[in-house]
Structures are given as structure tokens and as C-alpha cells.
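Bear in mind that the values here come from a model prediction, so they are computed numbers and not experimental data.
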Amino acid sequence: MYKQRIPHTFRVANEGDITTSLPNLATSGGLYKHAGLEVMLDEGCTGNILVGPIIIETLFRFSKVRTSVTAHALERYRECLESSLGPDELLEYYNVSFVCCCSSFCSWLL
């Protein structure tokens, strides 16, 4: 039903984030399935992104198999996503995405 209403969904996961693997088929008795196309972000914030990885790519490309609680931190997701953008793209993202309420915070972007 979800896929019929929202056919194009991405599920972003940091490499090693244990939370993104729960629940799984074993713990849910096969009753739960994650929505969307998985997008994996490289743990080292190198800007590498793997879209729609198959099991072999996940096992061989990423060093940790979802065992880290710290990889689930929002700041870690932000760092990994920002690392995939170039300086100009990052500046455009911050200019368009939100209105800055304190110029001293945003001054490092300029």
C-alpha cells in the first residue's frame, strides 16, 4: 500500500548504523519490510554513496555491518551527506534550505 501511494522513496542509512537494520526479517517474523530504495553513506564521510546496494555490495564495500549506535547520530548523517557535496553545492544547499537566523554561524560558508 505504501509503495502505491508513494512510489519513489529513498531510505538513507549511514554505514554501520545498527538502527537501520531493525526490525529485520528474523526479529519481525517476516512481517516487516523496509520502505524505499536504500542509499548507503560511507562511514568515513568521504562522499561515497551507494544507491540500491545488493547484499554482496553491502558486505564487501562497507567495513562494518551495522553494529554502531553512534553511526545513528543525526550529526553523523549530516556530516556524511555534506561530504558528498562540493563547496559550491554545499553553499547553494545552505542558501536555499533554510533562512539563517544568526549570521555568525553562517559566515564560515561565505
Side-chain angles (χ1 to χ4, degrees):
M1 179 177 225
Y2 176 87
K3 194 169 185 174
Q4 291 171 342
R5 291 183 180 223
I6 308 171
H8 304 291
T9 305
F10 295 97
R11 184 172 50 89
V12 179
N14 266 343
E15 176 183 14
D17 184 350
I18 192 169
T19 307
T20 60
S21 65
L22 301 171
N24 57 32
L25 289 175
T27 61
S28 70
L31 300 175
Y32 182 84
K33 184 177 186 302
H34 288 284
L37 180 65
E38 184 174 42
V39 177
M40 293 290 293
L41 304 174
D42 181 53
E43 174 192 29
C45 291
T46 60
N48 292 325
I49 297 175
L50 189 57
V51 179
I54 60 174
I55 190 73
I56 292 295
E57 290 172 315
T58 303
L59 292 174
F60 288 106
R61 166 58 189 96
F62 295 100
S63 59
K64 293 182 180 176
V65 183
R66 299 183 185 175
T67 57
S68 173
V69 175
T70 57
H72 188 65
L74 186 58
E75 185 61 31
R76 191 66 183 159
Y77 272 88
R78 182 178 176 180
E79 290 169 358
C80 289
L81 284 167
E82 286 177 348
S83 71
S84 66
L85 301 172
D88 293 337
E89 295 167 317
L90 194 57
L91 183 58
E92 180 182 348
Y93 166 76
Y94 279 109
N95 285 333
V96 173
S97 296
F98 68 92
V99 176
C100 186
C101 61
C102 56
S103 59
S104 62
F105 173 75
C106 295
S107 62
W108 65 272
L109 290 171
L110 303 173

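A search for side chain to side chain contact (heavy atoms under 4.5 Å, CB included) contacts involving T70 returns S68, not counting sequence neighbours. In this view, E79 and R76 satisfy the salt bridge (charged side-chain N to carboxylate O under 4.0 Å, His left out) rule, not counting sequence neighbours.
Annotation: side chain of L37 is in contact with side chain of V51 (closest heavy-atom distance under 4.5 Å).
In this structure, L41 CG and S83 OG are separated by 7.5 Å, a value rounded to the nearest 0.5 Å. Note that CD of E15 and OG1 of T46 are 8.5 Å apart. Values are rounded to the nearest 0.5 Å. Separation of atoms OG (S84) and CG (D42) is listed at 10.5 Å; rounding is to 0.5 Å. Here the straight-line distance linking atom NZ of K3 with atom OG1 of T9 works out to 9.0 Å at 0.5 Å rounding.
Closest of all the heavy-atom pairs between G86 and E89 is N-OE1, 2.7 Å.
With respect to C80, the side-chain contact (heavy atoms from CB on, under 4.5 Å) criterion is satisfied by exactly one of I49, V12, N14: N14.
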